[in-house]
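This report concerns only the one structure given below.
Quick note on labels: first sequence line is chain A, next is B, and so on, each numbered from 1.
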Amino acid sequence: MYTVDSYDVIVIGGGHAGAEASLACARKGHKTLLATLNLDNIALMPCNPAVGGPGKSHLVFELDALGGQMAINADKTAVQMRMLNRGKGPAVHALRAQSDKVAYQKLMKETLEKTDNLNIKQIMVTDLVVEEGQVKGIVSELGEFYSAKAVILCTGTYLRGKIITGELTYTGGPNGQRAAEHLSESLRQCGIELMRFKTGTPARVDKRTLHMDEMAEQLGDTQYHAFSFMDDWIDRNEQMCWLTYTNETTHQIIRDNLSRAPMYSGLIEGTGPRYCPSIEDKVVRFKDKKRHQLFIEPEGNHTQEMYVQGMSTSLPIDVQYAFLRTIPGLEDVEIMRPAYAIEYDCLNPLQLTPALAVKSIKGLYSAGQANGTSGYEEAAAQGLMAGINAALYIEGRNPFILSRSEAYIGVLIDDLVTKGTKEPYRMMTSRSEYRLLLRQDNADLRLTEKGRQIGLVSDERYARFLKKKEQIEEGLHVLKEKQINPTKEVQAKLQAMGTAGTKTGVTAYDLVKRTELDYGMVADAFDLPRYSPAVEEELNTSITYEGYIKKQMDQVEKVRKLEEKIIPKEWDYMAMKGISLEAQQKLTKIRPHSIGQASRISGVSPADISVLLIQLEQYRRSQGQVK
Amino acid sequence: MYTEDTIAAITTPPGVGGVSIIRLSGKDSFTIANACFRDQKQEPLSKRQNRTIQYGHIVNPEEEESPIDEVLLLLMKGPHSYTAEDVVEIQCHGGYTAVQEILKVVIAQGARMAEPGEFTKRAFLNGRIDLTEAEAIADIIDAKTDKSLQLAVNQLGGALSKKVGALREALITLIARLEVTIDYPEEDIEEVSINEARETIQPMVKDMKELLETAQSGQLIRDGLMAVIIGRPNAGKSSLLNALLRKNRAIVTDIPGTTRDSIEEIINVDGIALRLVDTAGLRETEDEVEQFGVEKAKEYINDADLIIAVVDASTPLTAEEKDILQAISGKATLICLNKEDKGVCVTAKDIEAIGQFSKIAPISAAQGEGLTPLRELVKELVYGGQVIPTYQALLTNTRQITLMETAYKQLQQSLETMDQHMLIDCVVTDIRGAWESLGEITGQSVGQSIVDELFSRFCLGK
């Protein structure tokens, strides 16, 4: 075979996971190849034109703090931004950007092209080369061999991709692209277990054929925010979205044509996500619902294409036209790209370590939809983590693992590798048990130091971070020191601020703690320094939520010890006495990294964990380690 | 689960012996003991000489210092203790109530109920014992052979899990409705108002409070099966009771009843605690025939898990006896035909003609003969799952009580959080905590089900 070149890391796939993975490796100084089957579709957004939302925005903020790219590029290419959940508390505030899709792709391609140590090439990978349990490189369809110390699979929905619209099915990736037809077989031969998943996307319609006056306008925030710590909060509100609803006629048309829906005719075998049901699914499962809402969203600044959010379907095109035209505002709609469903192969994530390494093959990593997730943000976050870990592996350093109490990224990966998933996995804030700790606003405080240690946080970012941290500490100090005495003047001030007076005097800190007050109000009333909105936001949240945060910290502390107990890789659970059979089987399959991870496997009881702890202590002593 | 909190347990076998021991182990052992121990000295336990014995009283500091028992405390600071942690052992009078009360007090002061084998496990993990001993520990906490736990779960099966299940269902409905609007803020779903959340939680808090009150009233049973001995005067109830006690007597405790002063005796039948209610105690002060009528018998019957009816076989059945036998027909019942040596007027056939009984056996109460059928029946009923405890107090052990208390406090906290106008992200934290604590009572796993709830209840998505 013709060996073209030798790389440290090869990333297969140039979507959101692949882009972040290759950037992380190259930025850490490793010679990296990004192999994608179409250079025009780097960081493609084949579904909704948006980044963020609950849980997902948290991932983007965290990725940014660790030195990833998505946040910066999403800020630059946003056409509208909204902070969701404003009334529900800072822990669940969630930034969501409408993106200019094409601009995002172009910018990411440009970012990759400008990165040292990184080559991006249009290559269809057909084979993974593994020798003696060690990854050696990849082979392309042209017969080229590229050697590598580590390979990261970021294959998205392309592995044996199959597009389904009504009665039509064909092999292909999203958006008219080629599918990777041969790599699945090669992975299987390497002993990797694959699953078959399904997802879908709605139609794109021509903006000029819509009646905007029949739909409700959805404005962005007028004053706003950014995903990246490095970007200032600016107003991004160029574009509008619209809201409209289906009705009984729409539903009747769908019901009448169910026999032609691939989900019901048996044409689709893959498991689709429950949180992202097609409109035919919604109509069947929620019979009592008289209407379903849909949002019409722009695909970018320089196009008339509009995304019809809520109307994902694989019904035939004539049915798509028929039901769309029953919806107010869409009576004369022209479809530019029809809706479709896509089926694809992905890895069972239970085969992965918390570092996203494939357990059975040294040097092989996997990220994104290839691991059974859904969403650009989930993919990007995993891509970054897989990239970091592949780089650390080459450097001979310990893997970088975030715990569930440190980041949503930790929750995401822990869920995948511990519980597995039976459908495309989407991040949600309710998946986190430490939600009050894992906020958007403190992602930088939680993770910048870690990113710095890994080597992905630039001097500029680090200096900016230290300054913010210093100001927060200063602010807290100032508030605690500022004594407010119960003078007549003070009482009047407090009354004017809409809050109760004070009998014995309070500190400014105590005032900020009151839910009706915030730092800005207290600072202005009592001559304290003002800070940037980000610093004041952090002050407000950490003070108002102090008691609740402390409570969650206590819970974290309780389980921390278990997370730190690392289980030897070679353990034979089937030979272990005193563990239930179910636990033996699950432990053998999942091979948990730590006792903490083992304790989260369903079917492993506290009694089983006790046995594991004893085994671990025996092992430790037999290894002659001294405590 | 291995954490470094402070654990407590009764380390002596239940209901046996003159002295009972409660052991505390962990970093807060001394602080916890100090909070409920009273003697003449001023200095706290942590300042006193290590490895000494202290004499005093255990009190409940939350109930106006009411003394529970006089005790000896053994102070052992880590690492020179069994677990290599700070250990305090409380020696109190052997018995049923005092030792349970003391355990409850130390748990209220911050200790956690120890898991089976946990002291030994800690001893091992802290380097106190060697490998061969450790093999034995693995057996103690063997998940496969934990039959007693299983039994407990089976027994509880009905009433408690139903009650807890209903509480959890109401909570998860509320949680799902709150969470869905957080994770899907733009969906067409009605938001739950704070008032609505409050109105859902308030009655639950009240419910849980009642559950806890019955568990803690001290008049109700925490362990064991309640067996009632009935029968007309002179049938041989007292003789049977005495015969049972002679052989099996564990402890005698005076437990004041709610509606009557009866004496309960606890006997140990092959490891099963049987609480015998001596109805004989009633007739000593009252007009026996009138008092011990059908009405009274029915009252006992309703409370009992097992009924032992003593019939004098040497004299014909009275009308009252027939009434009583009819009333207990179909229940877990042992009919003892006593005094057959003095002539047989009543046979097993006569009894069978009256109703359905679990077992009919001849005994000689005075000689203490024929007690084996009783033991057999008790075992059969318990292990065969025929006895379903009828406790009014559903929460029967300290672990469950602790968990229910935690859930109760969390829900109360959520109400306070709402009163302070905190936002939903905080409010839902405590509600989720309560839901999880309740799940632990019946051992239901938690995990992903909140997310499952969202998807099954709501129409969501792009």
Side-chain angles (χ1 to χ4, degrees), chain A residues 47-48 54-55 84-85 87-92 94 202 245 273-277 282 285-286 289 291-293 295 309-310 312 419 428-431 435-436 515-516 544-545 548 552 558-559 561-562 577-580 583 595 599-600 602 605-611 613-614 617-618 621 627, chain B residues 1-5 115-118 121 124-127 130-131 134-135 137-139 141-146 149 175-176 179-188 417 420-430 432-433 436 443 445 447-448 450-452 454-456 458-462:
Chain A
C47 199
N48 58 334
L84 306 173
N85 284 339
K88 301 189 186 106
V92 296
Y245 294 92
R274 286 171 298 176
Y275 51 80
C276 199
K282 293 188 200 178
R285 281 181 52 211
F286 296 90
K289 224 163 150 53
R291 61 176 200 179
H292 295 280
Q293 65 177 17
F295 288 98
Q309 197 242 50
S312 145
K419 295 176 188 152
M428 299 160 68
T429 68
S430 47
R431 293 192 193 271
R435 193 157 58 188
L436 298 180
T515 40
E516 64 274 22
T544 319
Y545 278 54
Y548 298 90
Q552 293 215 319
K558 271 191 174 168
V559 295
K561 284 264 155 64
L562 290 177
K577 263 178 66 184
I579 310 180
S580 67
I595 299 281
S599 71
R600 288 187 294 274
S602 72
S605 71
D608 294 320
I609 292 300
S610 291
V611 175
L613 280 167
I614 286 164
E617 178 63 15
Q618 287 186 1
R621 289 190 201 180
K627 221 177 180 176
Chain B
M1 188 90 26
Y2 179 67
T3 48
E4 295 191 338
D5 48 1
E115 306 286 341
E118 197 170 5
K121 187 178 85 182
F124 174 75
L125 292 177
N126 293 324
D130 67 17
L131 284 173
E135 290 293 326
I137 312 164
D139 289 341
I141 53 181
D142 190 331
K144 280 187 290 198
T145 59
D146 201 356
L149 179 71
I175 293 167
E179 293 284 357
V180 76
T181 57
I182 290 174
D183 274 323
Y184 290 89
E186 294 182 314
E187 285 292 333
D188 193 12
T417 304
Q420 287 159 9
H421 306 290
M422 293 297 285
L423 297 168
I424 214 74
D425 58 348
C426 276
V427 174
V428 81
T429 304
D430 284 312
R432 279 178 70 152
E436 279 167 23
S445 65
Q448 216 184 345
I450 287 180
V451 172
D452 289 340
L454 297 191
F455 295 140
S456 66
F458 301 100
C459 177
L460 304 165
K462 305 241 153 194

Contact part of A:Ser602 toward chain B, heavy-atom cut-off under 4.5 Å: side chain, backbone, both or neither?
->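 It is neither, since no heavy atom gets under 4.5 Å.
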Is [X] reaching over with its side chain to a backbone N or O of [Y], donor-acceptor style, under 3.5 angstrom?
X	Y	answer
A:Arg435	B:Thr429	no
A:Lys88	B:Pro185	no
A:Glu516	B:His421	no
B:Asp425	A:Ala91	yes

Quick one: does A:Met428's side chain get under 4.5 Å of B:Ile182's, heavy atoms only?
->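 They are not in side-chain contact.
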4.5 Å side-chain heavy-atom contact, A:His292 and B:Asp188 |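 Not in contact.
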Atom CG in B:Asp183, atom CG in A:Asn85: separation rounded to 0.5 Å?
->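 If I round to the nearest 0.5 Å, the distance is 8.0 Å.
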Do you know which of A:Leu84, A:Ile595, A:Thr429, A:Thr544 has the most heavy-atom pairs with chain B at a distance under 4.5 angstrom?
->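 Heavy-atom pair counts peak at A:Thr429.
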Using non-hydrogen atoms only, which part of B:Val428 is less than 4.5 Å away from chain A: side chain, backbone, both, or neither?
->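 When you check distances to chain A, only side chain atoms of B:Val428 fall under 4.5 Å.
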Chain A interface, residue from B:Thr417, B:Leu423, B:Asp430 that has the most non-hydrogen pairs under 4.5 Å |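 Heavy-atom pair counts peak at B:Leu423.
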